[in-house]
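Comments concern the structure below.
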Amino acid sequence: MKKLRTVKGMNDILPPESARWHRLERAFRTTMRRHGFGEARPPIVEPTALFVRSIGEATDIVEKEMYTFTDRGEKSLTLRPEGTASCARAYLQHNVQAIEPVTKWFYVGPMYRRERPAKGRYRQFYQAGAELYGDPGPYVDAEMIDMIVSFLRELGVEDVEVMVNSLGSGETRARFREALVAYLEPFADQLSADSQRRLHVNPLRVLDSKAPQDQEIAEGAPNILEYLGDEDREHFDEVRATLTALGTPFVVSPRLVRGLDYYTRTLFEIRGRGGELGAQNALCGGGRYDGMIEELGGKKTPAIGFAMGLERLLLAMPEEEDAGRVDVFVIARSPSLRREVVSVCRDLRASGLSVDADLRGGSLKSQMRRANKNAPLAIIVGEDEVERGVLQIKNLSDSSQHEATRAGAPALIRELLG
Ligand code: ATP
Ligand code: MG
């Protein structure tokens, strides 16, 4: 029989690796709570039209990366390739703008894109991201970038490059687009096939292309920052001044773009330079999209958001010491004491400790081996201890022995765990 395996580009995340994921997600949730963001959990499947309209037709995602299927011959559905569209849909569907003037949501979960798999590039991958609706910036823009950089620093990911740009809005975009097309047209036949197609549909995408020939041509393209109108310029100046005041390092990158029409003003990307990232070094992408909510049929609402790839963050994070699967491993000196062991475990767990035991009735030696693998502390339950109502706690790293009453054990264990 043919072996059953995961779909190409999709990964199992299993213990002990999943513990790192938990730590990362917990740290993200803590950061978001500190900043007053609440969690949004939209479905993983949405009507295809949502992504086509919000991400845009002439994008890699919509053109070739979506997992789209027909639901029982009726409706076209798509596994979400990103989180911003679903949040915008939910924001509109539940008329959130009528409830509060400013909305701050975050999300964590799997995304699906049919890309060519590589290290740091998968077909199911996880993003942690956030959206902030109702504040036109520039202060929330700077605050969001600073929040992400601080979060990365807390994870030990310090060697990053923060790139910021402004795409302006309305008129800026129209004038820049014209200048860009005029610049690109003479090179049209040297561009990649994708870029040739996009030249007139979505010329900003050409600047974003990963094809080397496109990148070379993009080098000489007009600088969008020179096209900013007065208000756009003031906005961008204030984002930069606020970041500077916060001491958040960044570089201005005029060629950083997102080729969607509704992207406006502030745009940013954070790249990692260390760790095991390799070519897939974009850790986080984000930007302002003051036009999207209106585009999807709502009232004009300014918004800004970002998304980070969790697999890439884990590659960029320093290795951490394995703290063990549980706090304490409880051992029976003889198989007849297993009932007692179960009871000791139950009481310790009730006090909030994580506790495990090997209840198969094996030798002391084999139980010790499992204890050493799984916990920093061991408790050996023998007839003598049961009679005296005490527990012997062994610190497995320095072999020191400590005794406590059953009631006093949790406090002593906590002290030993540090
Ligand atoms: P890239 O340029 O690497 O393709 P992107 O511009 O498509 O990235 P975004 O859509 O901005 O990425 O998504 C935000 C983040 O999600 C990226 O910075 C990256 O960390 C992560 N990401 C995107 N696509 C993948 C993928 N296929 N596998 C793993 N992580 C991904
Ligand atoms: Mg991509």
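Remember, it's a predicted structure, so these values are computed and weren't measured experimentally. Start at 1 and go down the list; that is how both ligands and their atoms are numbered.
When only interatomic distances are considered, the shortest N/O to N/O separation between Glu311 and ligand 1 does not fall below 3.5 Å. Ligand 1 has no N or O atom lying under 3.5 Å from any N or O atom of Phe125, backbone or side chain.
The nearest heavy-atom contact from the protein to atom 28 (N) of ligand 1 is Tyr122 N, 2.9 Å. Shortest contact from atom 27 (N) of ligand 1 to any protein heavy atom: Glu115 OE2, 2.6 Å. Scanning the protein heavy atoms around atom 6 (O) of ligand 1, the nearest turns out to be Arg258 NH2, 4.4 Å. Nearest protein heavy-atom contact of atom 8 (O) of ligand 1 is Arg312 NH1, 4.3 Å.
Of the listed options Gly120, Pro117, Gly309, Gly120 places a heavy atom closest to atom 29 (C) of ligand 1. With Gln280, Lys210, Met308 as candidates, the residue nearest to atom 1 (P) of ligand 1 on a non-hydrogen basis is Lys210. Among Arg116, Arg271, Gln127, the residue whose heavy atom lies nearest to atom 16 (O) of ligand 1 is Gln127. Comparing heavy-atom distances from atom 5 (P) of ligand 1 across Arg114, Glu269, Arg113, Arg121 singles out Arg113 as nearest.
At most 12 heavy atoms of other shown residues, nucleotides or ligands fall within 6.0 angstrom of atom CZ in Arg114. No more than 12 heavy atoms of other residues, nucleotides or ligands sit less than 6.0 Å from atom CZ of Arg41.
Side-chain atoms of Asp356 do not come within 3.5 Å of backbone N or O of Phe329 as any donor-acceptor pair.
For Tyr122, the ring pair (Phe, Tyr, Trp, His ring centres under 6.0 Å) criterion is met by no residue, not counting sequence neighbours. Applying the side chain to side chain donor-acceptor pair (under 3.5 Å) test to Gln367 and every residue at least two apart in sequence or in another chain returns nothing.
Phe236 carries Arg240 over the face of its six-membered ring, with the cationic atom under 6.0 Å from the centre and within 45° of the normal.
Near Ala282, meaning under 4.0 Å from one of its heavy atoms, ligand 1 places the atoms 17 (C), 18 (O), 19 (C), 20 (O). The atoms of ligand 1 that sit less than 4.0 Å from any heavy atom of Leu283 are 18 (O), 20 (O). Every atom of ligand 1 is numbered from 1 in the order shown, and the set under 4.0 Å from a heavy atom of Cys284 is 18 (O).
Screening Arg265, Glu234, Arg233 for a side-chain contact (heavy atoms from CB on, under 4.5 Å) involving Leu228 leaves a single residue, Arg233.
A parallel orientation is assigned to the rings of Tyr133 and Tyr91, their planes being inclined by less than 30° (bins at 30° and 60°).
Ion pairing between a basic and an acidic side chain is recognised when a charged N comes within 4.0 Å of a carboxylate O; Arg198 and Asp60 show such pairing.
The residue Asp60 has no part lying near ligand 1, judged by heavy-atom distances below 4.0 Å.
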